[in-house]
Amino acid sequence: MAKQLSEEEKAELAARAPLVELKRTAEQAQAAALASPYSAKGWTPWRAAAQELQAAITQHAAVHGVNRFKVESWVTYQALHAEDDGAA
């Protein structure tokens, strides 16, 4: 039997949606960097996107009082795999 989520838990999960988009942006920037010969300038967009994502995850965890690692794991799964299993 699935656990019923409280309104607070539902709000916290809904607040993760922008984090998933940030993760997808970082993944796209990394793919673009990997598709070209190495240059520091070529990796700048990925580094900026990854830094923004990490800061946003840390802030989300602090604001909502949840485990940062669990948020990051959930975000990564949603960004990379959720469309495969219909969960997104």
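Between R24 and Q78 the shortest heavy-atom distance is NH2-O, 3.2 Å. When every heavy atom of V71 is checked against every heavy atom of L19, the shortest pair comes out as CG1-CD1, 3.9 Å. Residues P18 and A15 come closest through the heavy atom pair CD-O, 3.3 Å.
Applying the salt bridge (charged side-chain N to carboxylate O under 4.0 Å, His left out) criterion to E52, with sequence neighbours excluded, gives no partner residue. By the side-chain hydrogen bond (donor to acceptor under 3.5 Å, both in side chains) test, T44 pairs with R47, sequence neighbours left out. Remark: S6 pairs with E9 by the side-chain hydrogen bond (donor to acceptor under 3.5 Å, both in side chains) rule, at least two apart or across chains.
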Pairs of donor and acceptor atoms involving the side chains of residues 26-33, under 3.5 Å and at least two apart or interchain, shall be tabulated with distances.
residue, atom, partner, partner atom, Å
E27, OE2, K23, NZ, 3.0

For residues 61-68, which side-chain N or O atoms pair as donor and acceptor with protein atoms under 3.5 Å away, sequence neighbours left out?
residue, atom, partner, partner atom, Å
N67, OD1, F69, N, 2.8
N67, OD1, K70, N, 2.9
R68, NE, T58, OG1, 2.9
R68, NH1, E72, OE1, 2.7
R68, NH2, Q54, OE1, 2.3

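Grouped with L34 in one hydrophobic cluster are Y38, W43, W46, the linkage being side-chain heavy-atom contacts under 4.5 Å among Ile, Leu, Val, Met, Phe, Trp and Tyr residues.
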